[in-house]
Amino acid sequence: MTLSKKFLLLVFSLLSINTFAQKIEIGGGLGVMNYKGDISPDFHPAFARLGGNLLFRYNPNKIVSFRSSIVLGSIYGDDSKVNDSFNQLRGQTFKTSINELNLITEYNFFDYKYNRYHKDWSPYVFGGLGLMKFSPRDTPVTNYKTLQVVIPFGIGVKYNLAGPWDINLEFGARKTFTDYLDNLGGDNPALPKNQQNDYSRGDMYYYTSLSLTYKFIKVYCP
């Protein structure tokens, strides 16, 4: 191979790396986790607990993005703080830590791509698949599985702050396939029958977050 061909191959390789790098985004954020289940039949903002996330995003075009995230946090509930006589009579509380790893697809409603001449923004929806490991504070009531598949979905908005820096505000729900996030489920021998819930419905949890991300973009020289 001649020197000129080697030089051209190097140039094309660098251009390919640069093009790919412009589509890569990393970041992290903080937020709150909440829960809906036996102890909190409805969404209860007072039960929110702190959570955090790290993310890697790949943007193949302006419309679709693919993301992988690690989400860490905890959920909490207290029967005595629910405006329901059934819950108040039972008087149960719980706290459960949650670790989640997910793969998510985002759909941007507006074309979203960094442009050095203007700031961009777009609302988006997302959905995907995840794996969740949960650990209750109290001794498990039965031998249930704490490693579960979850389906994350939700809405958000992304906004370009300056250059490669973006912020993402997002609200997401997690469909689970367990009724034991609150350590209540099935036939709990510790509770009388008249204090048992309808366990045909699984628990859910939510994560609301504000994230800061950095996009690897081409630097323009004057």
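Computed from a prediction, not measured in an experiment: that's the story for all the values here.
Note that OG of Ser211 and CD of Glu25 are 10.0 Å apart. Values are rounded to the nearest 0.5 Å. Note that CG of Leu101 is 12.5 Å distant from CE of Met132, once rounded to the nearest 0.5 Å. Between Ser97 atom OG and Met33 atom CE the span is 9.5 Å, to the nearest 0.5 Å. With rounding to the nearest 0.5 Å, the separation of CG in Asp38 from CD in Gln92 is 10.5 Å.
One hydrophobic cluster, built from ILVMFWY side chains closer than 4.5 Å, cannot hold both Phe126 and Val64; they sit in different ones. Tyr107 and Ile104 are members of different hydrophobic clusters when ILVMFWY side chains are connected at heavy-atom separations under 4.5 Å. With hydrophobic clusters built from ILVMFWY side chains whose heavy atoms lie under 4.5 angstrom apart, Leu169 shares a cluster with Ile155.
Smallest separation of non-hydrogen atoms from Ser74 and Arg49: O-CB, 3.3 Å. The heavy-atom pair separating Phe177 from Val149 by the smallest distance is CD1-O, 3.2 Å. Taking both residues in full, the closest heavy atoms of Lys36 and Pro41 are given as CE-O, 3.0 Å, listed atom of the first, atom of the second, then distance. When all heavy atoms of Asn160 and Gly163 are compared, the closest pair comes out as ND2-O, 2.9 Å.
Annotation: side chain of Ile39 is in contact with side chain of Arg90 (closest heavy-atom distance under 4.5 Å). In this structure, the side chains of Lys158 and Ser65 come closer than 4.5 Å at one or more pairs of heavy atoms. Within the 4.5 Å cutoff, side-chain heavy atoms of Phe94 are placed close to those of Thr96. Under the 4.5 Å side-chain criterion, counting only non-hydrogen atoms from C-beta, Arg174 is in contact with Val71. The side-chain heavy atoms of Ile75 and Tyr206, taken from C-beta on, include no pair separated by under 4.5 Å. Side-chain atoms of Leu103 and Leu129, non-hydrogen and from C-beta on, never get closer than 4.5 Å to each other. For the pair Tyr205 and Phe134, the minimum side-chain heavy-atom distance is 4.5 Å or more. When side chains are defined from C-beta on, Leu210 does not count as touching Asn168, because their heavy atoms never get closer than 4.5 Å.
Using a distance-only test at 3.5 Å, with no hydrogens or angles considered, a donor-acceptor pair links the side chain of Asp203 to the main chain of Leu181. In terms of modelled atom types and a separation under 3.5 Å, the side chain of Ser68 and the main chain of Asn102 share a donor-acceptor contact. Under the 3.5 Å distance criterion, the side-chain polar atoms of Asn34 are matched with a main-chain donor or acceptor of His44. Of the possible polar contacts, none joining the Asn108 side chain to the Ser122 backbone as a donor-acceptor pair under 3.5 Å is found. Listed for the Thr178 side chain is a donor-acceptor partner under 3.5 Å among the backbone atoms of Tyr180.
Residues satisfying the ring-ring contact (aromatic ring centres under 6.0 Å, His included) criterion with Tyr76, sequence neighbours excluded, are Phe47. Considering only residues two or more places apart in sequence or on other chains, Phe110 meets the ring-ring contact (aromatic ring centres under 6.0 Å, His included) condition with Trp121.
Donor-acceptor pairing under 3.5 Å is lacking for the side chains of Glu170 and Tyr207. Side-chain contact check for Ser69 and Arg67: at least one donor-acceptor pair (N or O, by modelled atom type) lies under 3.5 Å.
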Would you be so kind as to tabulate the donor-acceptor pairs closer than 3.5 Å made by side chains of residues 137-146, with sequence neighbours excluded?
residue	atom	partner	partner atom	Å
Arg137	NH2	Thr93	OG1	3.4
Tyr144	OH	Asn183	OD1	2.7
Thr146	OG1	Lys133	NZ	2.8

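Ring geometry for Tyr214 against Trp165 counts as perpendicular: the plane angle is over 60°, on a 0 to 90° scale with 30° as the lower cut.
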